[in-house]
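First comes the structure, then the notes that go with it.
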2 protein chains.
Amino acid sequence: MKRLKLNTQRIRSCLKESHLRSTRKRECILEALLTFDRPVSAEELRDRADLPKSDLVTVYRTIEAFLGIGIVQGIPLEDGKTIYELTDPGDHHHHFVCRKCHKTERLDLCLAGELEKKARKLGFSDISHVMEVYGSCEDCN
Amino acid sequence: MKRLKLNTQRIRSCLKESHLRSTRKRECILEALLTFDRPVSAEELRDRADLPKSDLVTVYRTIEAFLGIGIVQGIPLEDGKTIYELTDPGDHHHHFVCRKCHKTERLDLCLAGELEKKARKLGFSDISHVMEVYGSCEDCN
DNA sequence: TTGTTATTGCAAGTTAATTGCATTAATGGG
DNA sequence: CCCATTAATGCAATTAACTTGCAATAACAA
Ligand SMILES: [Mn+2]
Ligand SMILES: [Mn+2]
Ligand SMILES: [Zn+2]
Ligand SMILES: [Zn+2]
């Protein structure tokens, strides 16, 4: 799979390919996403995008759309919440995440192949997996 | 670490060691846990224990206590909910979980050591991790 | 420009899980 | 056994992330 670095241009074309409309709100939320170097919550995203409180629902729907076309990845936290980051399409990977500030380091280690094989052997299909490492980062200690 | 198979006896002594009281409700919930061969939700547990609706909060508090002494493990689902199972203390492991029926197979593969090392190198401390594999089991297909 | 249809705004709903507080019950010492 | 201490429970209310319904609006392409 060819991996293309994300930018506004590329994302517009992703939207188009998927028959999703390029709207003002989506661009706005996208721009906000681009300003972060760590995964963020929907609320953080709305605030950074300088949208009114009521637009949180639009943020969620936008995230959903972006997840659908693979340019955003959700990262589950220990407490059940989820944070989101831009991802190059097809770039599956995992993370070290600070429980407190959500600073994230890429974890370049994935057992997808092995897990998939074992799962299939057990009769599972339609397989997905999570692997995240949580801790306290230096700054937060 | 010595691993001792769980039974009612052993669990009572775990409670005592941790200065937790052996109550009727806890035993009741424990008995319910023992009847399952798969992880379950708090609600399922309350129903199996034949407790009234209002006792769901007791189930949650009991689960919390059991998590604390390491005889119960929580398994996060893709949708953010959590299911719970009895675990021998110190028996850290992961799972294949059916998204629909929560049938579970043990996943005997854990990168704890490697993850911990990498995380520490990155400045993280107080490290934990999740790794779960989700799919549709044969029966649910 | 216009018609179609996706997107949005707003309000309300959902639900797993938590919290506060008064009551009850387990425990350990005497 | 009895009592004092304090943890556990029962009940009601709350939290908070996320979802849903629906009417109004905006994007797109014809
Ligand atoms: Mn990442
Ligand atoms: Mn298990
Ligand atoms: Zn941090
Ligand atoms: Zn199943």
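These numbers were taken from a predicted model, which means no experiment stands behind them. Chain naming here is simple, since letters A, B, ... match the order of the sequence lines and numbering starts at 1 in each. The basis for the numbers below is simple: all heavy atoms, side chains too, and nothing from hydrogens, waters or symmetry mates.
With A/Leu51 as reference, A/Ile29 is the one residue of A/Leu45, A/Thr58, A/Leu56, A/Ile29 to meet the side-chain contact (heavy atoms from CB on, under 4.5 Å) rule.
Residue-level contact check: A/Leu56 touches neither bases nor backbone, having no heavy atom under 4.0 Å from any strand. At a threshold of 4.0 angstrom between heavy atoms, the contacts of B/Lys16 are confined to the sugar-phosphate backbone, with no base atom among them. Nucleic acid contact class of B/Arg26 (heavy atoms, under 4.0 Å, all strands): sugar-phosphate only. When heavy atoms are screened at a 4.0 angstrom cut-off, B/Ser41 is found touching no nucleic acid atom at all. Within 4.0 Å (heavy atoms only), B/Ser22 reaches sugar-phosphate atoms of the nucleic acid but no base atom.
For A/Lys81, taking side-chain heavy atoms from C-beta onward, the closest of the listed nucleotides D/dA17, C/dA16, D/dT9 is D/dA17. Of the listed nucleotides (D/dT9, D/dA17, C/dA16), D/dA17 has the atom at the smallest distance from the side chain of A/Tyr60. Distances from the side chain of A/Arg21 to the nucleotides D/dA7, C/dT19, D/dC28 place D/dC28 closest. Side-chain atoms of B/Val57 lie closest to C/dT19 of the nucleotides D/dA17, C/dA26, C/dT19. Residue A/Leu20 has its side chain nearest to C/dT7 when only D/dC18, C/dA17, C/dT7 are considered. Nearest nucleotide to the B/Arg61 side chain, out of C/dT8, D/dT20, D/dC11: D/dC11.
For the pair A/Arg48 and A/Phe36, the distance from NZ or CZ to the six-membered ring centre is under 6.0 Å and the angle to the ring normal is within 45 degrees.
Remark: B/Cys28 SG to B/Asp50 CG distance equals 7.5 Å, nearest 0.5 Å.
Between A/Cys110 and A/His94, the closest heavy-atom pair is SG-NE2, 3.5 Å.
Taking atom CZ of A/Arg12 as the reference point, atom C1' of D/dA27 lies 13 Å away to the nearest angstrom.
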